[in-house]
Q: 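The structure that follows is given in the form of structure tokens.
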Amino acid sequence: MSLLRQEIAAVVRQGIGAAQTAGTLPAFAIPVLKIERPKNASQGDYASAVAMQIQKQVGKPPLEIAKIIQAHLPQTGFLAAIEVAPPGFLNFRLSDQWVAEQVDHIIAAGDRVFQESQGAGKTAQVEYVSANPTGPLSVHRIRGGVIGDTLANLLQAVGYAVTREYYFNNAGEQMNILGESVRARYLEILGDSVEFPKKGYKGQYIRMIAAMLIAFKGDTMRDAPVNDFRTLAATAIMERIKSSMRRVNIVHDNFFLENSLYEDNSVWQTVDELRKRDLAYDKDGAVWFKSTELGDEKDRVIVKTTGAPTYRLPDMAYHRNKLERGFDLVVDVFGADHAATAPQVLLGVKALGYDPSVVRTIIHQMVELVEGGEARRMSTRKGDFVELDELVDDVGPDAVRYFILAQNPNTGMVFDLELARTQGDENPVYRIQNAHVRCAGIIRKTDERGLTDEGADLSKLGTDELTVIRKMLELGEVIDRAVTDMAPQALAAYALELAGVFHPVYDRVRVLSDQEDIPLDVQKARLRFYRAAKVVLARTLKLMGMTTPEFMERRERPTETTATDVAIDTDSDNTEA
RNA sequence: GUCUCCGUAGCUCAGCGGAUAGAGCGUUGGCCUCCGAAGCCAAAAGCGUGGGUUCGAUUCCCACCGGGGACACCA
């Protein structure tokens, strides 16, 4: 299905062109035609304000221009009426018959409904989460995760072959501190008196890892080098992060190891190449990137006096690697704490001779957790932060995804834990999912009673159903916009709108009734309509990474579950708590 | 201080330069013998301030006020 908006723009373009050929409009370059959606349904399904835009070139009042264009518009199969409204709008109304027929197209398309093709044949890479494996996944990190994962879904929905990637910072000083922290706790449990490292990670999970090492290795690691602790701890934490992500339906295709950039020497090659281009120099015992040459406000250190690289260097090498892989689009999803450094890294790859214009950086603002009116800071090092798992236990994975998605990434997000806990029944998540459940319920019930939609006559659908179908037809445009603007919140807003028009209609338009006598042909048409609604609702939910429940069950209040003992079933369409 | 993001209804937020600025929650009032009331119907209530660009500004630009974030040889 191509976008209606584009088809209507083409119609308007033809109309203007015809008027110009006929001499009723002067010759001028036709501007980019933006077809919009009127807020008021009485103004039609689509509108164009082109008459206002070109009034200067034409030298006539917009209302008159609109009438001239209207008179030259070609006939189409999908438009029922084209009206002119002051001060010069062209209003388009879709044909009811055409709208009703879309039900069959939607059902036929199924899971791929509103699959678009502007990304067909192209590749995209989306990098998200990329948290250091120094502790459990925090709520803040998962905001980027949900945004990135949903963008990846959306890119697939427009045809891109998408690689979902996690950049695993398993090198560097942070990891040494992690290793030392675990070693200290390990020796502590064995009863040795040890000094805990000054900058060490104090979270409870460090003790858990140490205890695990005791359980598996006993005291055999007493004299093991820090590096052993570091490697084992990183692996344990990474596994835990993966399992946490899986709970909110985030599964990456590729874990890119920072290590590998050292193993293949590309980190040091990067320095050499910068030097060759005279974009790196030595000063005060450190190596500096001459980023001012490319417009930065000051030069940046890339190799410390200790000989160790700063984070910038492997990041530059990593981004070079991404561009080397030839993706048509590279999306980086970072938190606001990286907002200042992301451009520096791109300057680095530019300095190396790569074109960073395929990279789109999405910055999301922080998540502030509020509990009992008090803000909770989230610092991995202090060990005082709210873990994703904790939040998932509280409100469920679908709610975590939806609440994060519903907000513009650019805005700071306040997550009130108390509110989230009491969310329960007043939750928009359930409102949306319940629409899907209701469709499923109808299909189930009609199956039981042997009613099929075979030979359904869609002209039997009423205005209520057509209103919902019109809303369903918007999904293609929503996907298109969400991709163009990298704005996944458009999807969340749409989902709630779709549920909002669905529920009142469900209430009025029954397939089965003990009270009214509904003719068989009407029942069949309605059943097919609900089947299509289910398809669109499911597509919307899946794009958001949410489940598509067939039944509504009250979610049990969480008990003492932890990440590791929760069964994970990513393929299931059902909510099984 | 510099840079950056954000100020829209009581709350949490949508809003793609267009016509009467939307939704959920909350509040007030009215609705359940029927596909699950986790629902339906209705009401009250809003663009931080001041300029500018434009035929038209919540949207773009500038200033101010208020809030978040970033400004390391930490990542």
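Chain identifiers are assigned alphabetically (A, B, ...) following the order of the sequence lines, protein sequences preceding nucleic acid strands; residue numbering begins at 1 within each chain.
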Q: Distance check, C1' atoms only: B/U49 and B/U12, in whole angstrom units.
A: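 Those two atoms are separated by 24 Å.
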
Q: Among B/C6, B/C55, B/A38, which nucleotide sits nearest the side chain of A/Asn410?
A: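 So the nucleotide nearest the side chain must be B/C6.
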
Q: Of all the nucleotides listed (B/U58, B/U20, B/A14), which has the minimum atom distance to the side chain of A/Gln489?
A: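 Within the option list, the nearest is B/A14.
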
Q: Taking ring pair (Phe, Tyr, Trp, His ring centres under 6.0 Å) as the definition, give me every residue that meets it alongside A/Tyr166, ordered by chain and number, with sequence neighbours left out.
A: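 Testing A/Tyr166 for ring pair (Phe, Tyr, Trp, His ring centres under 6.0 Å), a comparison that skips the adjacent residues, returns A/His252, A/Phe255.
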
Q: Output a table of nitrogen or oxygen pairs between the protein and nucleotides 27-34 of chain B separated by less than 3.5 Å.
A:
| from | atom 1 | to | atom 2 | distance (Å) |
| --- | --- | --- | --- | --- |
| B/U33 | O4 | A/Gln515 | NE2 | 3.2 |
| B/C34 | O2 | A/Arg510 | NE | 3.4 |
| B/C34 | O2 | A/Ser513 | OG | 2.8 |
| B/C34 | N3 | A/Gln515 | OE1 | 3.4 |

Q: Could you tell me how far B/U53 sits from B/C61 if I compare only their P atoms? Round to whole Å.
A: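 Straight-line distance between the two P atoms is 15 Å.
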
Q: Considering only side-chain heavy atoms of A/Tyr430, which listed nucleotide, B/G36, B/A38, B/A14, is closest?
A: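 For A/Tyr430, the side-chain atoms sit closest to B/A38.
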
Q: Using the side-chain heavy atoms of A/Asp284, tell me which of these nucleotides is nearest: B/A19, B/C35, B/C73.
A: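 Among the listed nucleotides, the one closest to the side chain of A/Asp284 is B/C73.
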
Q: Tell me whether the side-chain N/O atoms of A/Lys34 come closer than 4.0 Å to OP1 or OP2 in B/C16.
A: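 No, because none of the side-chain N or O atoms of A/Lys34 sits under 4.0 Å from OP1 or OP2 of B/C16.
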
Q: Roughly how far apart, to the nearest Å, are B/U20 and B/C11 at atom C1'?
A: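 Here B/U20 and B/C11 have their C1' atoms 25 Å from each other.
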
Q: Say we look at B/G18 and B/U59: how far apart would their C1' atoms be, to the nearest angstrom?
A: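 So the two C1' atoms sit 11 Å from each other.
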
Q: May I ask you to verify if any side-chain N or O of A/Lys39 is less than 4.0 angstrom from the OP1 or OP2 atom of B/A21?
A: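 Negative; the distance criterion is not met.
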
Q: Which whole number of Å gives the distance between the C1' atom of B/C13 and that of B/G52?
A: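 One C1' to the other, the span is 30 Å.
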
Q: Closer to the 5' end of RNA chain B via nearest nucleotide, is it A/Ala85 or A/Pro309?
A: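 Checking each residue's closest nucleotide, the 5'-ward one belongs to A/Ala85.
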
Q: Quick one: are A/Phe289 and A/Leu274 in side-chain contact, heavy atoms under 4.5 Å?
A: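 Touching, per the 4.5 Å side-chain cut-off.
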
Q: Given B/C74, B/G18, B/C40, which nucleotide is nearest the side-chain atoms of A/Ala49?
A: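 Closest nucleotide among those given: B/G18.
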
Q: Could you give the distance separating B/C60 and B/C16 at their C1' atoms, to the nearest angstrom?
A: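 The same atom, C1', in both gives a distance of 14 Å.
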
Q: Tell me which nucleotide among B/C35, B/G39, B/C74 gets nearest to the side chain of A/Arg431.
A: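 The nucleotide sitting nearest to the side chain is B/G39.
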
